[in-house]
Amino acid sequence: MNAIVDAPRLQRELDTLATFSEHPPPAVTRVVFGEMDLRARAYLKTLFVDASLVVHEDPVGNTFARWSGSNPSRAPVATGSHCDAIPNAGRFDGTVGVLGGLEAIRALQRAGFTPERSIDLIVFTSEEPTRFGIGCLGSRLLASALDPSAGEVLTSEGQSLNQIRSSAGFSGPLADVPLPGGTYAAFVELHIEQGPILDRDRIDVGVVTAIAAPASFRIFVEGEGGHAGAVLMPDRHDAFLAAAEIALSIERIARSSGSIDTVATTGVCELFPAAINSVPSRTRLDVDVRDIDQARRDAVLREIERACDTIAVHRGVTVRTEPINADPPAHCAPAIVDAIERACDARGFQHRRMISRAYHDSLFMSRIAPTGMIFIPCRDGTSHRPEEYAAPEAIARGVAVLADALAVLAG
Ligand SMILES: [Zn+2]
């Protein structure tokens, strides 16, 4: 079996998909259930049908395109990724795993391969949190990691997820979305690395062994405001300065966890009343902490809580934290890691084991199926920006490895 990737065709399809964007090129913006998302989905479905795949969509719009195997009694395997894009993003995040997954299937078809297990290509709804504030909406629901009441709870511009999905043509109860464990024998996602390692070290393929999981939370600091000229320095309870100390503590705590895999980011800082001549009375911080080791990550979270308490006392302010989410990290299935490495070796591609610091739909698929991820280099590790770039040869190598891994996993 020798699957040959049609790289020029795949590039043309990536080019076409990039035209479905709410911002002009090279930027790509495709917000879930917006007009461009729906047009991109329609385009993808025509390609799936052209490849003789049988398409079905679930109530949240997750799209499944099936290449039927010769033995329907065996659990299928799956690949796929997402096609939504955050505002002013690039053209390769997610799309390489969708169109690359399709090309892997077509390459196997052209090579005359007949899978024993069916192969599903999945396009997950709303991997990006842009519209509903929660990432991996589709895969979370598939893995029962999100309650179906989210249909009413999650909103965007005053409309519920249920209202928005039904205007986009996706109906039926969200309770029908979850898949039982065992539905898939394997899931493999192809994705750009979104980090600099493969590009810098000239490695063809990253074989993901674990996916770090984010915990995110808000910190509310309440101090005392006042006139910037009138309140003397010894009398101040400046909410921003307390928050600044907290942010510096978060950095220190993450750096002293004992592992380079611990990362913590204070990405949002909001001041009130945010006036140049007023001492800040309230400040809000949004913080993201990630690690591949859940115990270590949770220890970091506890230490941040303690730091908040200490700083609150010392600065005479009150500090309250509120969790946003805390997902467990995922570990990839050894059999899939092995299949990917063998495929690289057989093709003579340089490969390296690595962890994924960004989260992906694979984080949730790993709860219901043995999961693996194939990373390909992207220039300078740049992602979520219009400059995002993956070379055609790099994409083609990833697709070839995916095809070979699927052939092994689908038997
Ligand atoms: Zn992505």
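Keep in mind it's a predicted model, so treat the numbers as computed, not measured. Order of appearance sets the numbers: ligands from 1, and atoms from 1 within every ligand.
Here the options are Asn325, Asp327, Asp288, the test is side chain to side chain donor-acceptor pair (under 3.5 Å), and the partner is Ser216; only Asn325 passes.
In this structure, a donor-acceptor pair under 3.5 Å is present between the side chains of Thr262 and Ser257. Side chains of Arg296 and Ser259: a donor on one and an acceptor on the other come within 3.5 Å. Side-chain contact, Glu388 with Thr382: no donor N or O sits under 3.5 Å from an acceptor N or O. For the residue pair Ser73 / Asn71, a side-chain donor-acceptor distance below 3.5 Å is found, with atom types taken as modelled.
Counting only protein N, O or S atoms, 3 lie closer than 2.8 Å to the Zn ion (ligand 1).
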Compile the donor-acceptor pairs under 3.5 Å between side chains in residues 169-188 and protein atoms, sequence neighbours left out, one pair per line.
{"unit_1": "Thr183", "atom_1": "OG1", "unit_2": "Pro180", "atom_2": "O", "d": "2.5"}
{"unit_1": "Tyr184", "atom_1": "OH", "unit_2": "Asp120", "atom_2": "OD2", "d": "2.6"}

